[in-house]
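Have a look at the structure below, then the notes.
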Amino acid sequence: MDQSRKKEGFSWVLRRALRLIVLAIAGLVLLPYLITPLYSVVDPISTTMLSRQLSGLRVERQFVPITRISPALPLAVIIAEDGRFCTHRGIDLTEIREAIAEADDIEEMRGGSTITQQVAKNLFLWQGRSYVRKALEFPLALWIDLVLSKRRIMEIYLNIAEWGPNGEFGAEAGARRAFGKSAQSLSPYEAALLAAILPNPTNRNARQPGPGLRRLAGLYVARAARAPGAAACLRRSH
């Protein structure tokens, strides 16, 4: 009889522990959806910034409104990172299909992530590529696009993107490190250089660009000149 009661007690404790674990996981998954609407008025930091701060590493970031950033920079970033930013709803299925078609597995998959997906990843998830992270990232990107304006999404992205090898985050820190000037004063070519280093800001240097980086920046400048409407949603959004 005592043995039976012990088994029942153990089973009850195990079920309760599992229930608590499931509730905790569900809470962690749902928390970003509750927090996101607050970011329409609250200026967030990224998980990478938070990780560096907790580790005692340098973080340089001054959040600046998009009105104090040269219009050339968001346009260059759209051209470089997400050409259909103004028309998709958080994820770009056309880009994803093309990226998958060119890759054998997720480890080799290039691009495919919209600016909104990168905001979701930087604010709530982790770096690196995995099916689990992508599965969490897709619905988050759709939600972010639903509750925040395109203008605000871009403003957040420009202020949380990593733009240097030593903890420089955001357009202001990136512009000052590379060119010794504010993000508001960037020329189209300087903005294109900053956009060109975004995939790898630790190894690409906008302050001392090599021939490949200069060619890439020149390409972005030319494309931006031909497609100024790519950033039209930033002017319309409020």
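Residue indices begin at 1 and follow the sequence shown. These numbers come from a predicted model, not from an experiment.
- Side chains of S113 and Q118 form a contact here, defined as non-hydrogen atoms less than 4.5 Å apart.
- Taking the charged nitrogens against the carboxylate oxygens, R61 and E172 have no contact shorter than 4.0 Å, which rules out a salt bridge.
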Query raised in the report: Given T116 and H88, is the side-chain contact (heavy atoms from CB on, under 4.5 Å) satisfied, shown in steps?
Result: CA-CA 10 Å; T116 314; H88 64 62; 3.9 Å; yes
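- Ionic pairing of E137 and K121 is not present here: no N-O contact between side-chain nitrogen and carboxylate oxygen is shorter than 4.0 angstrom.
- Heavy atoms only, all atoms of each residue included: A135 and P139 are closest at O-CD, 3.0 Å.
- Once rounded to the nearest 0.5 Å, the distance linking CZ of R52 with OG of S46 reads 10.0 Å.
- Two different hydrophobic clusters hold L219 and L198 under the rule that ILVMFWY side chains link at heavy-atom gaps under 4.5 Å.
- One N or O on the side chain of W143 and one on the backbone of Y33 form a donor-acceptor pair closer than 3.5 Å.
- In this structure, S55 contributes its side chain and L57 its backbone to no donor-acceptor pair below 3.5 Å.
- Here the side chains of M154 and I66 are in contact, with some heavy-atom distance below 4.5 Å.
- Distance alone, capped at 3.5 Å, places no donor-acceptor pair between the R177 side chain and the W163 backbone.
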Requested in this report: Let me see the working for L213 and I197 under side-chain contact (heavy atoms from CB on, under 4.5 Å), right down to the final yes or no.
Outcome: CA-CA 8 Å; L213 197 61; I197 70 169; 3.7 Å; yes
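- Heavy-atom minimum distance, P188 versus A72: CA-CB, 3.8 Å.
- In terms of modelled atom types and a separation under 3.5 Å, the side chain of R58 and the main chain of Q53 share no donor-acceptor contact.
- You'll find the side chain of V77 stays beyond 4.5 Å of the side chain of F85, heavy atoms only.
- Not a single donor-acceptor pair under 3.5 Å links the side chain of R207 to the backbone N or O of A178.
- Linking Ile, Leu, Val, Met, Phe, Trp and Tyr residues whenever their side-chain heavy atoms come within less than 4.5 Å leaves Y189 and I79 in two separate clusters.
- If you take CG on L194 and CG on L158, they are separated by 10.0 Å, rounding to the nearest 0.5 Å.
- A distance of 14.5 Å separates CZ in F169 from CZ in F63, rounded to the nearest 0.5 Å.
- Under a hydrophobic-cluster definition in which Ile, Leu, Val, Met, Phe, Trp and Tyr are linked whenever side-chain heavy atoms come within less than 4.5 Å, directly or via other members, L34 and V119 are assigned to different clusters.
- Here the side chain of T47 pairs a donor or acceptor atom with the backbone of N122 at under 3.5 angstrom.
- When all heavy atoms of A80 and A195 are compared, the pair lying nearest together is CB-CB, 4.0 Å.
- The side-chain heavy atoms of L234 and I78, taken from C-beta on, include a pair separated by under 4.5 Å.
- Here the side chain of D145 pairs no donor or acceptor atom with the backbone of A141 at under 3.5 angstrom.
- In this structure the side chain of S40 never reaches within 4.5 angstrom of the side chain of V147, judged on heavy atoms.
- The distance from atom NZ of K181 to atom CG of L186, rounded to the nearest 0.5 Å, is 6.5 Å.
- Of the possible polar contacts, none joining the N159 side chain to the G170 backbone as a donor-acceptor pair under 3.5 Å is found.
- Using a 4.5 Å cut-off on side-chain heavy atoms (C-beta onward), L136 and W126 make contact.
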Query - side-chain contact (heavy atoms from CB on, under 4.5 Å) evaluation trace for K150 with C86 - result: CA-CA 7 Å; K150 292 285 188 180; C86 282; 5.7 Å; no
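- Put simply, the side chain of E190 gets close to the backbone of S187: a donor and an acceptor are under 3.5 Å apart.
- E168 contributes a side-chain N or O that, together with a main-chain N or O of N166, makes up a donor-acceptor pair within less than 3.5 Å.
- The shortest side-chain heavy-atom distance between I69 and P74 falls under the 4.5 Å cut-off.
- In terms of hydrophobic clustering, with Ile, Leu, Val, Met, Phe, Trp and Tyr side chains grouped at heavy-atom distances under 4.5 Å, Y220 and L75 are assigned to a common cluster.
- Between I45 and L123, the shortest heavy-atom contact is O-CD2, 3.6 Å.
- Linking Ile, Leu, Val, Met, Phe, Trp and Tyr whenever their side-chain heavy atoms come within less than 4.5 Å puts I153 and V42 in one cluster.
- Scanning both residues, R204 and A196, for their nearest heavy atoms gives NH1-O, 2.5 Å.
- The distance from atom CD of E162 to atom OG1 of T48, rounded to the nearest 0.5 Å, is 6.5 Å.
- Inter-residue side-chain proximity for E60 and M49 is flagged as unmet; no heavy-atom pair is nearer than 4.5 Å.
- Considering CG of L216 and CG of L193, their distance stands at 9.0 Å, rounded to 0.5 Å.
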Report task. Check the pair R152 / I144 against side-chain contact (heavy atoms from CB on, under 4.5 Å), numbers first and verdict last. Result -> CA-CA 10 Å; R152 181 58 174 168; I144 288 171; over 6 Å; no
